[in-house]
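Taking it in order: structure first as structure tokens, then the write-up.
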Number of protein chains: 2
Amino acid sequence: MEPRRAEIIADTLEGMILDGTFADGARLDEVQLAARFKVSRTPIREAFQRLALSGLVEQIPRRGVFVRQPGPVELIEMFEVMAGMEAICARLAARRISDRALAEMRNVNARCQQAVQAGDTDLYYRENESFHHMLYRQSGNGFLEQECLRLHRRLKPFRRLQLRLRGRLGQSMAEHEAVVDALADGDEARAAEAIHAHVAVQGEKFHHLMASLKPAAE
Amino acid sequence: MEPRRAEIIADTLEGMILDGTFADGARLDEVQLAARFKVSRTPIREAFQRLALSGLVEQIPRRGVFVRQPGPVELIEMFEVMAGMEAICARLAARRISDRALAEMRNVNARCQQAVQAGDTDLYYRENESFHHMLYRQSGNGFLEQECLRLHRRLKPFRRLQLRLRGRLGQSMAEHEAVVDALADGDEARAAEAIHAHVAVQGEKFHHLMASLKPAAE
DNA sequence: GATGTCGTTCTTGTATACAAAAACGTTGAC
DNA sequence: GTCAACGTTTTTGTATACAAGAACGACATC
């Protein structure tokens, strides 16, 4: 029997929350989940703590934990912050990036392009993720990298959703290229602006998507 | 007896780690702390989880938790990120800030100035904190505000240390004024640059301070 | 009939008991 | 004398038992 089952449960629950298994505001029942995972309440509670710190659930003392899906406004805000942070990465990377890393980024973009033409959204998604992760790494700031990864991970399901939009894949690719070009030129401002626009537009697109899905809600 | 003792313990432990009660790399003993806080191991373990997620301790499976003080490099990195995030706040605030809020910020600065002249570092510290918190708020982005508060809180003890440096208080004040002026002008770039320099310099000062304290270490 | 209060039940928070893995020391062989 | 293997001890991870607060409902009172 493996140790640290709480960790596995936390990841599983996180996935379930993010993919919409639990609705917003739903209460996560300790005993129910304990039975479902075939463990005692203890690992479940440990998992809850992690989720609460990630902001996926809210822990109300003596009341329980409730899933807390970000609303449209908060999502926009999160994408705005993501854009800002990636812009910081770009600024730093523009100064420090090596030719080796630049070549690698162009490589990733090329594979991304292939995925677009092949219509393979999953592959596109993976390569797209690689691109951003490389940018974080190339900032040369380990702490910044970790913070970016955290937020990037949190936004994952929403990015995924909006990638289905028509024509967005090709445009997104072009934006990636623009970023790499700016990095190659060592142009901090242009790199920052390019990546900021690239990320922020995702939040806006998502917003539009949401609005179109439930037009008369509230 | 109040509920949620784990939370109180977490905060207490956080304070103890930050003020240097525990050395870097020290192992936090569950049973020992349980005895010390007159509770069982359960709340201690819950507190550990929180600390681990904040990055103050490292949890190694089946080994225990170890305090993880950031080294000079990581500190510089963290201040760099803080600077970047506050710059984002400044950019957003420059567009959205109201005259009402601007007046309030000038007020805070005035009180700060008084504290400098009175040599009251504690008051200075509180007002200084208010200034930054107001900036976060004025970004108009609640998520960004929360993230900034998180990092700001984490850097608290290190800021406090470096505030003792001679002449820094007066200079810091002038920088605050420059930020408010830029905000008043609605000059995004200047506001961002001003606050970035203001924050980043703290990390550097701290670095110098550390270097001067242990000149021949390593 | 509505409302407030009391009691039951359910759920969370904490303590304790148990299991398993890792650290440590001891002992034995080379 | 050194090194390795085994057993003991300590410590973490999990389960279960217990305590206390909150939700819910019934009953009484106005």
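Every heavy atom of this structure was used, including side-chain atoms; hydrogens, water molecules and symmetry mates were not. Here is the naming used below: chain letters follow the sequence lines, and residue numbers restart at 1 for every chain.
- When the nucleotides C/dA22, D/dT14, C/dA15 are ranked by their closest atom to the side chain of B/Arg63, C/dA22 comes out on top.
- Closest approach to the B/Pro43 side chain among C/dA15, D/dA15, D/dT12 is made by C/dA15 (side chain taken as heavy atoms from C-beta onward).
- When the P atom of C/dA15 is taken as reference, atom CD1 of B/Ile9 falls 8 Å away, rounded to whole Å.
- Following rounding to the nearest Å, A/Gln59 (CD) and D/dG21 (P) show an atom-to-atom distance of 18 Å.
- For the side-chain hydrogen bond (donor to acceptor under 3.5 Å, both in side chains) test, residues two or more places apart in sequence or in another chain that qualify with A/Glu86 are A/His132, A/Tyr136.
- Evaluated for a side-chain hydrogen bond (donor to acceptor under 3.5 Å, both in side chains) with A/Gln49, the options B/Glu46, B/Gln49, B/Arg45 yield exactly one hit, B/Glu46.
- Counting any heavy atom pair closer than 4.0 Å across all strands shown, A/Val31 reaches no nucleic acid atom.
- Among D/dA15, C/dT14, D/dT12, the nucleotide with an atom closest to any side-chain atom of B/Ala6 is C/dT14.
- In summary, A/Arg150 and B/Glu147 engage in a salt bridge, as defined by a charged side-chain N under 4.0 Å from a carboxylate O.
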Short N/O separations, protein against nucleotides 16-19 of chain D, under 3.5 angstrom:
none

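- If you check D/dT12, C/dT12, C/dG13 against the side chain of A/Pro61, the one that comes closest is C/dG13.
- Across the protein-nucleic acid pair, A/Arg45 atom CZ and C/dT11 atom C1' stand 10 Å apart, rounded to whole Å.
- Salt-bridge formation is detected for the pair B/Glu14/B/Arg153: a Lys NZ or Arg NE/NH1/NH2 atom is positioned less than 4.0 Å from an Asp or Glu carboxylate oxygen.
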